[in-house]
Amino acid sequence: MIMQYRTINVSASRCYNIHIGRGLLAGIGELVRPLLGHCRLAVLTDSNVDALYGNAMMQYLTSAGYDVCKYVIPAGEASKCAENLLAFLNFLAREQMTRSDAVIAFGGGVVGDLGGLSASLYLRGIKYIQVPTTLLAAVDSSVGGKTAIDIPAGKNLVGSFYQPSMVCCDTALMDTLPAEIYRDGCAEVIKYGMILDAALYDTLHTLPFDREAVVARCVEIKRDVVQQDEFDNGIRGLLNFGHTFGHAIEKLSNFGVSHGEAVAKGMVIAARIAPLCGLCNVADELSALLVEYGFDITCGYSAGEIYDALLSDKKRRGGNISVVLPRAVGDCVLHTIPVEELKELLHKVI
Ligand code: GLY
């Protein structure tokens, strides 16, 4: 018997439910059964999640009657690589997984991305279920079907759009997250408020926020965006608020600055640029909220360094670049700027 939980339905190239609730992991067998029937399940997880919750996951699935195997990768972004992709695919083959079997990606963004990509490739595609364990994965990477690995030429350069068959988000799993990892997710939550929901943004001033309600609202926002633009040709770009500059900062720091911290810095840069493009000035308001959450919002790099990293990342010289800028709290737009102009703008705000 599963306790109360919320369900958000996504209608994309595959329709699926995102279930969100505290303690939901205990009911995963019940949630999976109507979806997959009797099949084998391959759980992909990382060393941190395995140590904390690996046994519980295996027990919940086996006691629901599933035949389960498990593959554990080392925790950390370095694991989102071609070697692990191939190793996991080989594992699926050794385990004789068939088209009616499924992968369970049990972890944060690295596990979700690697698990999703593996599922999209193995036997030309088998089902997979996302079980996010970080706030960041719950509100962003587990929803919307983007899967990827990093290659030496860059992050997320090899991937696919491949929707999961279900997302099972147990918010209690986030209780054990180190504060800085939880805070990384908060940057994405603040992002959702800024881009599309002023009411959500306002609730974020009260700390700690209601985790289930906030995760559900962020997932609804992402669901609405993905349903309109699953393959990222337009409005889905709004989800990149703070990410264009954030990615440049991550790269310049050799990934020493975490994703959330970099997105926080990137959102502040974008908010400072907005009034210079004739849009409103919410930079002080946004900066104050980010500081409340403990983010260091100083950029840490010069305008020239950010510009160079940004252009090399986008593999472009000349032409225009699209950045997400706030028009107001809860209202962002995609704004196209000639790259030369962006250089000047960066010099004015950093
Ligand atoms: N994380 C951005 C997206 O899913 O489009």
Side-chain angles (χ1 to χ4, degrees), residues 8 10-14 16 18 20 77 80 105 107-117 119-120 128 130 132-150 154-167 169 181 184-197 200 214-251 255 258-267 270 310 313-314 321-326 332-335:
I8 295 165
V10 184
S11 181
S13 54
R14 173 177 274 140
Y16 57 99
I18 299 167
I20 300 160
E77 181 74 24
K80 216 174 95 171
V110 168
V111 165
D113 276 16
L114 185 65
L117 183 58
S120 80
Y128 78 111
Q130 291 274 17
T133 57
T134 64
L135 180 59
L136 184 71
V139 298
D140 186 20
S141 54
S142 68
V143 180
K146 276 190 183 175
T147 81
I149 53 164
D150 306 331
K155 259 184 84 143
N156 293 331
L157 283 191
V158 175
S160 60
F161 288 97
Y162 193 65
Q163 302 293 339
S165 292
M166 180 178 85
V167 182
C169 176
I181 307 283
D184 268 353
C186 293
E188 296 287 343
V189 168
I190 292 170
K191 177 198 81 176
Y192 283 109
M194 273 301 295
I195 58 173
L196 282 162
D197 190 341
L200 167 67
V214 163
V215 168
R217 183 63 198 130
C218 292
V219 166
E220 273 172 357
I221 295 171
K222 182 152 188 187
R223 181 269 315 268
D224 292 345
V225 169
V226 167
Q227 286 185 166
Q228 291 174 68
D229 180 25
E230 180 176 355
F231 299 107
D232 206 4
N233 296 310
I235 192 183
R236 191 162 177 169
L238 281 183
L239 301 177
N240 287 336
F241 176 50
H243 286 60
T244 311
F245 305 116
H247 284 156
I249 292 167
E250 275 183 286
K251 196 168 156 183
F255 298 94
S258 73
H259 181 70
E261 193 90 38
V263 167
K265 293 172 193 289
M267 289 194 289
L310 215 136
D313 195 39
K314 295 289 166 213
I321 192 159
S322 194
V323 288
V324 183
L325 300 179
C332 284
V333 280
L334 281 157
H335 196 85

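Counting from 1, the numbers follow the sequence of the chain as shown. Each ligand, and each atom within it, is numbered from 1 in the order the structure gives.
- At a threshold of 4.0 Å, the pair Lys155-Glu250 counts as salt-bridged, since one of the basic side-chain nitrogens sits closer than that to a carboxylate oxygen.
- Residues Val219 and Lys222 fail the side-chain proximity criterion, which asks for heavy atoms closer than 4.5 Å.
- In this structure, atom 4 (O) of ligand 1 lies nearest to the protein heavy atom Lys222 NZ, 2.6 Å.
- Under 4.0 Å is where a charged nitrogen must lie from a carboxylate oxygen, and between Asp232 and Lys146 at least one such pair does.
- Numbered from 1 in the order shown, with element, the atoms of ligand 1 that lie under 4.0 Å from a heavy atom of Leu239 read 3 (C), 5 (O).
- For ligand 1, the atoms lying closer than 4.0 Å to a non-hydrogen atom of Arg236 are 3 (C), 4 (O), 5 (O).
- Side-chain atoms of Arg14 do not come within 3.5 Å of backbone N or O of Ser165 as any donor-acceptor pair.
- Applying the side chain to side chain donor-acceptor pair (under 3.5 Å) test to Arg217 and every residue at least two apart in sequence or in another chain returns Asp197, Glu220.
- Within the structure, ligand 1 has Asp140 among the residues with a heavy atom less than 4.0 angstrom away.
- Using a 4.0 Å heavy-atom cutoff, His243 is absent from the residues neighbouring ligand 1.
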